[in-house]
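Atoms within each ligand, like the ligands themselves, are counted from 1 in listed order. Hydrogens, waters and symmetry mates play no part in the numbers below; they use all other heavy atoms, side chains included.
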Amino acid sequence: MGKGTVPSWLPHTICSMSAARKWVYLFKEGSASMRDLLGGKGAGAAEMTRAGMPVPPGFTITTEACREYYAHGGKLPEGLWKQVTDALVTLEKQARKRFRDPRNPLLVSVRSGAKFSMPGMMDTVLNLGLNDVTTRALAARAGDERFALDARRRFIQMFGKTVKGIDGQRFEAALTAAKKRAGVKTDPELSPVRLRSLVKRYLAIYRDATGHEFPTDPAEQLRDAIEAVFRSWNTPRAITYRRMERIPDDLGTAVNVQMMVFGNMGPTSGTGVAFTRNPITGRKELYGDYLANAQGEDVVAGVRDTEPIKALKRHLPKVYAQFERYGRKLEKHYRDVQDLEFTVERGKLYMLQTRAAKRTGEAAVNIAVDMVGEHLITEREAVARIEPRQLEQLLFPRIAPGAKAQPIARGVPASPGAATGEAVFDADTAAEWGKSGKSVILVRVETNPNDVHGMVEAKGILTQTGGTASHAALVARGMGRPCIVGASKVAVDEDQRSFSVDGTTVKQGEEITIDGTTGDVFVGRVPTIEARSLSKHRAASAILGWADETRRLQVWANADYPRDARKALENGAQGVGLCRTEHMFMEEDRLPIVQAMIMATTTREREKQLARLLPIQRGDFRGILSVMAGLPVVIRLIDPPLHEFLPNREDLVRDTATLRATGKSPDRLKRLEKILARVEELHEANPMLGLRGVRLSVLFPEITRMQVRAIMEAACDLRKRNVDARPEIMIPLVGTLAELHAVHAELKPVAQLVQKEKGVRVPYKFGTMIEIPRAALTAGEIAKEAEFFSFGTNDLTQTTFGFSRDDAERHFIVNYLEHKILPRNPFETIDEDGVGRLMALAVKEGRKTRRRLEVGICGEHGGDPDSIRLCHKLGLNYVSCSPFRVPVARLAAAQAAIGDSASTK
Ligand code: ADP
Ligand code: MG
Ligand code: MG
């Protein structure tokens, strides 16, 4: 940057002359690759400038400066202001206008722009540089006093609100009052006379709220605005958004200072936002909104009804053609769909922003596949680009086609999926009810950034106003919440907490259903269906096919029943990583047998009952093994404590007391008393750490002997019929080699005996879960006996942290997360530093003993993309997750492989 002279209007005291780091970059000095330093908006403006597009000149203050600002307790870094004033001098030359000039004044916007876009989360001040003198000059040059005064009042409002924290309602109230006095409906109808007194009123509000006059000096205005942008990085709403989007808190925001252009200078002016492809369906078409004779924030705020972008073609065909061309060029350049902001000032187009467009899951997969077809990106890039949760969106429910319900209104479909919930009309209630487990739909006239905490907890969002680029639409799309905006027939009364449509009124707490895919609003609960299966979705299948070619990790599924296994197969599972056998004891026809078995006092009696269970279990295993023919099925032997199969203690105490009191059915009383005695015998202070898992198998080996017999008989029968059954027998909760050894010694002879009886050989494996820290620590030993490991990361997390999950999630995890004592909920994403280290050790030591040891994970974490990345890194053979999450896991496993090869390049 050139040295430049200090403009005379600058007070010298605030010019630090010391040499310092480069804090300021002109747009023409930056590029797309400088996103870390310049933020997304700054890098985009720089890149468009380089490409020769008409971007109003400006400069960017770096994110580094913002970090420095916070590091020094909220002081502008050394040398920053000097560099800003130097850049201003250049900007004045480029703009051929000057700050403070009484004839041709320069006005600027001061905009935040972090590395990752946080739409509407931080502050922007427009029209900065206005005072009495420059407002007159602006009016004279534009030949439009109304326009200049309107710009002035907007500036005072934005500056007062965002820089000085004055309640925006105060300005809004004054504006509404002025319109009422003038007897007009819209802002542009206010006459210059009315506006002049409104400006006075605004200045008085400012004075009253701050105790100071509004700063007339543009330099002072600028300095305050820059600091305000820095501060806006840490407002609660920005922090909430970052937490939701997992954006690090320490990146800081850049500040963009840019010459103002005006879309509100008459009919050949206007402003708009547009996506280079449809962000809802993915269709290749310009998609967005245009508003003639308006300033940019009017479009986003949804205060006036916009026209579709095609309208620009009618108003200004040449501008439309030029904009279309830039859109194509930017899309090609960034090789991704762009979300563009532009303004037309008296027939001249200005590009104000370009950024990667937020999109629905449906659009994301369709666009990625189309772009591969257009040779814009590679298959690998297409796979890397789809966020797992976008794929999840395709799995969202829709309104059942046969449902007879009639929608009461239709709005703009802004984020797909159907949701039913109780209507609530403010974010706090939505947050509160949502957290307490209720399904709620947040209904608002429009949303703003202060509503985000409620949107997070809502199942869906419905707004009366706004278009596809409104706040509600953007945020809901980002979060994957069903959302409808601009349902103008829905008259929302936020004070009364109700809305009405054609005389039907819905009050807070009443159920409604919305379909964000179609835009339909229904009263009451409407039946929904799951999305069509991914395998029938052309683009999604293509993406998943490419993912399969890329990933190293296999993806298996947890399935207790044949129908789960079929669903898993349909979604591409390569095995069953966990088949739990508890349910086989729980079902109605079996429970009495199981209870009799538990009540038995001798082994002989127990075995008699177990013999009755054997054929039932054999049938269960045959079902799942035959669905999964040719693929491994890991069957876990009994895990929960026995008392779970008996009636609960409180009920027994109550029932026996009643029976004793009434003296009726002495037989039943006797039986219940016996059961109660057994329940009390089995009672444990801490069942999670008590008699369960392998410990049960050691104490009651006859139970697991029966289970292994059932498994092997089923497998032998299938093999005889040429069905390739591949059971893997898994022992839960092992902590020592001796435990596993004892159980194995009991079970191996059974497995061998059955094969001999049936006269077929079944290749089967015998292995263990690793879910106790001691098992991980002694994995080298355990692998002598175990042919495979499967990490049970739920129990492993509980036992590593010493947390019981239910208690932790109920009582303190939220607090821990809020205070950053835990960075993430370890029950959702594996705690890499603790649990992850135990896993790493177990894999390493286990494979030292048994080179080809098969290692997988069967906890819920197996479906969490970040945990899958860890599993890839640790060299696991497979992850196993719920059948429903298999597609997501396939994608995440591929992305882990891609990330891996990218980081070793
Ligand atoms: P956000 O990050 O919330 O999109 P922006 O900083 O992009 O906020 O700006 C808010 C609005 O002001 C946008 O509509 C934008 O187009 C408009 N705007 C910003 N800078 C200028 C400018 N120099 N001239 C005209 N309009 C502008
Ligand atoms: Mg913007
Ligand atoms: Mg477990």
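At least one heavy atom of Lys41 sits less than 4.0 Å from an atom of ligand 1.
In the candidate list Arg111, Arg355, Glu341, Met260, Arg111 is nearest to atom 19 (C) of ligand 1, counting heavy atoms.
More than 12 non-hydrogen atoms from other residues, nucleotides or ligands lie less than 6.0 angstrom from NZ of Lys179. Lys75 NZ: 12 or fewer foreign heavy atoms inside a 6.0 Å radius.
Salt bridge annotation for Glu341-Arg111: present, with a cationic side-chain nitrogen under 4.0 angstrom from a carboxylate oxygen. A salt bridge links Lys82 with Asp86: the closest approach of a Lys/Arg side-chain nitrogen to an acidic carboxylate oxygen falls below 4.0 angstrom. Salt bridge present: Arg153 and Asp187 bring a charged side-chain N and a carboxylate O closer than 4.0 Å.
Glu341 contributes OE2 as its N, O or S atom closest to the Mg ion (ligand 2).
Atom numbering of ligand 1 starts at 1 in the shown order; those under 4.0 Å from a heavy atom of Thr124 are 5 (P), 6 (O), 8 (O), 9 (O), 10 (C).
By the 3.5 Å distance cut-off applied to N or O atoms, Met259 is counted among the residues near ligand 1. Ligand 1 has an N or O atom lying under 3.5 Å from an N or O atom of Val261, backbone or side chain. Residue Ser109 places at least one N or O, backbone or side chain, under 3.5 Å from an N or O of ligand 1.
Using a cut-off of 2.8 Å, one finds that Gln353 contributes an N/O/S atom close to the Mg ion (ligand 2).
In summary, the side chains of Gln295 and Asn127 do present a donor paired with an acceptor at a separation below 3.5 Å, with no hydrogens or angles considered.
Contact annotation for Leu126 and ligand 1: only side-chain heavy atoms (C-beta onward) come within less than 4.0 Å of the ligand.
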Next on the checklist: Test side-chain contact (heavy atoms from CB on, under 4.5 Å) on Trp233 and Arg242; report intermediate values, then the result.
Outcome noted: CA-CA 10 Å; Trp233 175 254; Arg242 285 200 292 274; 3.3 Å; yes
